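Right, one structure below, let's go through it.
These numbers come from a predicted model, not from an experiment. The chains referred to below are lettered A, B, ... by the order of the sequence lines, with proteins before strands, and numbering in each begins at 1.
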Amino acid sequence: MQNKLIKWIDHRFPLTNFVKHELTGYPTPRNLSYWWNFGFLAGFVLVLQVVTGIFLAMHYKPDATLSFDSIQHIMRDVNYGWLLRYMHATGASAFFLVIYIHMARTLYYGSYRAPRELMWWTGQGLLLMLMATAFMGYLLPWGQMSFWGATVITNLFRATPYIGDQVVVWLRGDYTVGDATLTRFFALHYLFPFLIIGGVVVHLVALHTVKSSNPSGIDLAARDNIPFHPYFTSKDFYGLGLFLIVYCSFVFFFPDSMIEPANNIPANPMQTPTHIVPEWYFLPFYAILRSVPNMVGGVAAMGLSVMMFAFMPFLDRSRIPGGASNRPIVRIGFYLFLLNMLVLGYVGATPPTDQIILVGQVATLFYFGSFLLIPFISIAEERWLIKRGLPPEVEALIASEARGKIKLPFRRRSGDIK
Amino acid sequence: MAENDTVGDTGRRKFLIKVTAVAGGAGAAVACLPFISSMNPSADVLAKATTEFDLTGMNPGDMRTVAWQGKPVFILRRTPEQIAAMEASNGGLYPEPDQQRVKQPEWLVVVGVCTHMGCVPNKEGPGWTCHCHGSQYDDSGRVTRGPAPKNLEVPPYRFITADKIVIGEA
Ligand code: FES
């Protein structure tokens, strides 16, 4: 009976074929470590956010006079409303955590290199959409932090040349963040996740074209691939279990740790809280914004700081695959960069005294400097590593990449292996 | 013959395709305008454009905050010492004489929105301090410490009677 039905469908739609090629039988490098779990986890959190969000929207009211109270209504009166809200609020942080780890893995192992540039760039687009969604969602509870966060961020658009002031009024639909702003943010906050789902489909189609990278950086396509199911389904679900332990401990035991106390005060357009901080996942970029004394310059620097990652495929000139696992200097640079991110995060969370501003400026210079130095460092490092002698598999891969279909955008250099 | 004229005439076909694409594109662009315009402030928001405020009951040194277009407006009744100090200086980062910023030296009316990122500065000691990123303004609303790039804005206002002002029209 079941076979008959599947046969009937297969005549009209490539169901079995699709499942076999793209899901169960999808060839996956067998040496993937747990750092390769985070793409799946991001997909899981996306579904979680969409589901909890839809159920919250059944009780939430996007109106400046009602929204703050409707959150209290959800917390106190709606059955399991507290759970839905805590899951959604914690889920936002979890989403960024998972995505940042996913990005760090890509940077560490050089997975953005050819032929995976489009994956990296679609991922960058998804990050921007995620940031926009999170930012708009943060206004919805209509607390003090919501209101002033939205005020400060929409004000950034004043840096637009010539029409800055009009753009800000247009974005807000009012002279200040108000009811019009709240309602449109709600509409867009509901829309964006579906755009993100569309972006994820593109990201996955690209993935299934170029296949997963792996920690060695060596192309295993022919030799060492195994079917996704059952090996990686079980690995992903094990990782999911660990993730859920961390996630649930936040949801059930520290749900307020991600909610600023000032956001339990209703929005008051006449009074700014003494210290405005964005959510933790925006802190490094916020620190960069504050580090530039000139306003337009600060906005430009912040925008650029998020977009810098997109240039990685061009900046990294080395032909040695495997990223930091084969490249000691990249490894040092990677950890220094992470450390610098933590410094920036700390600066972003701290009120701006003269000292803190200075630390922020040094860290900002280091942030951009590390990107701009990559072309020089990667070439010098490649020379040094080749002189020192590479493992034969790596050498073979470099040679095959230079010859093969995947043309890397480099010319041969003196001192190369032939 | 007819075949040569129509099907074979690629120059004419290309021209028609171009014209169609341009006309269609222009139509689509114009169709976007209502949607974009709908996001601008609506008529009821525009209708809140002016605010009246009664100045009676304010002693020298007092400050009041009133809402105008949803924004806070600071009204400061300045003491003679404050007036003297402000007239003596020309401001800080964005020099401007005090006389240009007031209608009557006793009354300072400024929009209480930091010109940096839009926080509301607090009245602290002489002038205002913005806690968001540490900008400072003097008792004429002029910026004396960055990162704010400009002085606090003076809204259009006028005295309807000796002790009543209307903000939003000059
Ligand atoms: S908003 Fe006032 S200093 Fe930045």
Mind running side-chain contact (heavy atoms from CB on, under 4.5 Å) on N40(B) and Q166(A) for me, showing each step along the way? CA-CA 9 Å; N40(B) 265 323; Q166(A) 285 95 310; over 6 Å; no

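- Checked against a 6.0 Å centroid threshold, the rings of F74(B) and W128(B) count as neighbours.
- With sequence neighbours excluded, no residue forms a disulfide (SG to SG under 2.5 Å) with C130(B).
- Among the residues in residues 149-161 of chain A, those with a non-hydrogen atom closer than 4.5 angstrom to a non-hydrogen atom of chain B are T151(A), V152(A), N155(A), L156(A), R158(A).
- Aromatic rings from F371(A) and F309(A) are positioned such that their centres are separated by under 6.0 Å.
- Rounding to the nearest 0.5 Å places OH of Y286(A) at 11.0 Å from OG of S291(A).
- With hydrogens and angles left out, the side-chain atoms of Q144(A) and W148(A) include a donor and acceptor closer than 3.5 Å.
- With chain A as the partner, the residue from A67(B), A148(B), P72(B), S38(B) showing the most heavy-atom pairs under 4.5 Å is P72(B).
- By the side chain to side chain donor-acceptor pair (under 3.5 Å) test, D179(A) pairs with no residue at all, sequence neighbours left out.
- Of the charged side-chain nitrogens involved, at least one lies within less than 4.0 Å of a carboxylate oxygen, so that D98(B) and R78(B) count as a salt-bridged pair.
- Annotation: F15(B), atom CZ; neighbour count of heavy atoms from other residues, nucleotides and ligands within 6.0 Å does not exceed 12.
- Remark: aromatic rings of Y281(A) and F95(A) are distant, center separation not under 6.0 Å.
- The interface of residues 180-199 of chain A with chain B, defined by heavy-atom distances below 4.5 Å, comprises R184(A).
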